[in-house]
Peer 1: 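First, the structure itself, so that you have it in front of you.
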Amino acid sequence: MINVTVWHEYVHEKNDSDTAKMYPKGIHGCIADFLSKDPELNVRTSTLDMPNQGLPDEVLNNTDVLTWWGHAAHQAVDDALVEKIKNRVLCGMGLIVLHSGHYSKIFKALMGTSCSLRWRDATREHIWCVNPSHPIAKGVPEDFKLESEEMYGEFFDIPKPDDIVYLGWFNGGEVFRTGCVFNRGRGKVFYLQPGHETNGAYHNENIQKIISNAVKFLYNDDIIPEIVCPCTEPVE
């Protein structure tokens, strides 16, 4: 079994009726529901308002793949927790960063850049697979459309990805590196752009398949307990 923790700041659903209508169980509930249909996955949800911001050591240390959605409360995430998550990724945990999570503390810490981008309100997005042999693309059409999604456009200030699986084109002519993989230590990070809280991308079967595939691709059955910095070892 792959232990998956679906983390969500869970702010918009409490304060915005359109978001609550789109995701009555929260974005985390929607993602957990479709992932839980896979018998190979053991799925739990965690939110910012839970004790230890949803990720106490006993949860984080028993997570093989963590999904992360944040937007309005990036700065509320404790720096010490970010460091723990980063270390867990370096030890081999998979991390899926979704949509506005590009500005999260953990994504910026792992990328080492501003992770800034261009954006505008909802438009139509045409998503193209540019790496059809990649495991994340398995069983997903070579292209599909989202009739309403927030536009994210280049330049996206990230390091060069180790793999680009999807590109997005928007009806204003903008393009974006929509699905990117990064190797970090013994772990992997997958960033997926669609997922604005009022546009319903996580109800789309192709987006669901991409996330499900990513969970299995990022899974590492040999996560080590901790990273030991060589600088802390005694010099003989």
Side-chain angles (χ1 to χ4, degrees), residues 4 6-13 16 18-19 21-23 25-35 65-72 74 94-104 107 111 115-132 134-156 158 161 163-182 189-215 217-218:
V4 184
V6 179
W7 189 93
H8 176 34
E9 68 178 24
Y10 198 31
V11 171
H12 292 286
E13 292 90 336
D16 179 70
D18 290 337
T19 306
K21 183 178 180 180
M22 180 63 69
Y23 295 107
K25 297 172 67 175
I27 287 174
H28 57 300
C30 177
I31 294 172
D33 279 353
F34 69 74
L35 288 178
V65 179
L66 175 68
T67 76
W68 190 277
W69 197 104
H71 179 211
H74 293 319
L95 175 66
I96 300 174
V97 177
L98 300 168
H99 190 59
S100 47
H102 72 93
Y103 260 152
S104 64
F107 190 62
M111 296 298 106
C115 300
S116 61
L117 46 77
R118 297 173 60 239
W119 68 275
R120 62 181 171 85
D121 290 336
T123 183
R124 186 173 71 253
E125 181 177 8
H126 195 159
I127 295 175
W128 293 89
C129 180
V130 294
N131 195 349
H134 199 283
I136 290 177
K138 184 178 180 180
V140 182
E142 67 177 16
D143 71 291
F144 62 94
K145 296 177 182 178
L146 299 174
E147 290 304 319
S148 182
E149 182 52 65
E150 187 175 42
M151 189 285 292
Y152 278 10
E154 299 289 347
F155 174 62
F156 186 17
I158 53 174
D163 286 301
I164 299 176
V165 187
Y166 289 99
L167 292 178
W169 177 89
F170 298 85
N171 62 353
E174 303 92 347
V175 295
F176 193 73
R177 288 168 285 175
T178 292
C180 302
V181 176
F182 306 87
V189 179
F190 179 60
Y191 173 76
L192 183 64
Q193 164 262 317
H196 184 66
E197 63 270 11
T198 59
N199 294 145
Y202 302 123
H203 296 299
N204 181 282
E205 62 180 6
N206 294 316
I207 296 298
Q208 292 180 2
K209 183 64 173 175
I210 290 170
I211 294 173
S212 298
N213 287 346
V215 166
F217 173 71
L218 269 57

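Just the heavy atoms: all of them, side chains too, but no hydrogens, waters or symmetry mates, feed the values below.
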Peer 1: Sort out for me which residue in His196, His71, His8, His12 forms a ring pair (Phe, Tyr, Trp, His ring centres under 6.0 Å) with His99.
Peer 2: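 Result for ring pair (Phe, Tyr, Trp, His ring centres under 6.0 Å) with His99: His196.
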Peer 1: Between the side chain of Tyr202 and the main-chain N/O of Pro194, is any donor-acceptor distance below 3.5 Å?
Peer 2: yes
Peer 1: Which atom names give the shortest non-hydrogen contact between Val11 and Ala72, and what distance separates them?
Peer 2: CG1-CB, 4.2 Å
Peer 1: Quick one: list whatever passes salt bridge (charged side-chain N to carboxylate O under 4.0 Å, His left out) with Lys21, sequence neighbours left out.
Peer 2: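 Partners of Lys21 under the salt bridge (charged side-chain N to carboxylate O under 4.0 Å, His left out) test: none.
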Peer 1: With a 4.5 Å heavy-atom cut-off, do Ile210 and Val165 have their side chains touching?
Peer 2: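 Counting from C-beta outward, Ile210 and Val165 never come under 4.5 Å.
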Peer 1: Of all residues at least two apart in sequence or in a different chain, which pass the salt bridge (charged side-chain N to carboxylate O under 4.0 Å, His left out) check with Arg118?
Peer 2: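 Per chain and number, Arg118 pairs via salt bridge (charged side-chain N to carboxylate O under 4.0 Å, His left out) with no residue.
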Peer 1: Rounded to the nearest 0.5 Å, what separates atom CH2 in Trp68 from atom CG in Leu98?
Peer 2: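 The CH2 atom of Trp68 sits 11.5 Å away from the CG atom of Leu98.
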Peer 1: Under the rule for side chain to side chain donor-acceptor pair (under 3.5 Å), what residues qualify as partners of Glu154, not counting sequence neighbours?
Peer 2: Arg177
Peer 1: Does any part of the side chain of Leu218, heavy atoms only, come nearer than 4.5 Å to the side chain of Ile96, both counted from C-beta?
Peer 2: yes
Peer 1: Applying side chain to side chain contact (heavy atoms under 4.5 Å, CB included), can you list everything that pairs with Asp163, at least two apart in sequence or on another chain?
Peer 2: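 For Asp163, the residues satisfying side chain to side chain contact (heavy atoms under 4.5 Å, CB included) (neighbours in sequence not counted) are Asn131, His134, Val181.
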Peer 1: Mind checking side chain to side chain contact (heavy atoms under 4.5 Å, CB included) for Met151 and listing every partner two or more places apart, or none if nothing turns up?
Peer 2: Arg120, Thr123, Phe170, Glu174
Peer 1: Is a side-chain N or O of Glu197 found less than 3.5 angstrom from the main chain of Glu13, in a donor-acceptor match?
Peer 2: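 Not confirmed, Glu197 side chain does not pair with Glu13 backbone.
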Peer 1: His126: which residues meet the side chain to side chain contact (heavy atoms under 4.5 Å, CB included) condition with it, sequence neighbours left out?
Peer 2: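 Result, side chain to side chain contact (heavy atoms under 4.5 Å, CB included) vs His126: Trp128, Asp143, Lys145, Trp169.
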Peer 1: State, yes or no, whether a side-chain contact exists between Tyr103 and Ser116 at a heavy-atom distance under 4.5 Å.
Peer 2: yes
Peer 1: For the residue pair Val6 and His28, establish whether any side-chain heavy-atom pair is separated by less than 4.5 Å.
Peer 2: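 Sidechains of His28 and Val6: in contact.
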Peer 1: Are the side chains of Phe190 and Leu192 in contact, using a 4.5 Å heavy-atom criterion?
Peer 2: yes
Peer 1: Looking at Asn204, Thr178, Asn199, which one forms a side chain to side chain contact (heavy atoms under 4.5 Å, CB included) with Glu149?
Peer 2: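 Running side chain to side chain contact (heavy atoms under 4.5 Å, CB included) over Asn204, Thr178, Asn199 with Glu149 returns exactly one hit, Asn199.
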Peer 1: Suppose we call two aromatic rings close when their centres sit under 6.0 Å apart. Are Tyr23 and His203 close by that rule?
Peer 2: yes
Peer 1: How long is the gap from SG on Cys180 to NE2 on His102, to the nearest 0.5 Å?
Peer 2: 12.5 Å
Peer 1: With heavy-atom distances below 4.5 Å as the criterion, would you say the side chains of Asn206 and Ile127 are in contact?
Peer 2: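 No, too far: nothing below the 4.5 Å cut-off.
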Peer 1: Report yes if the side chains of Tyr191 and Phe107 come closer than 4.5 Å at any heavy-atom pair, otherwise no.
Peer 2: yes
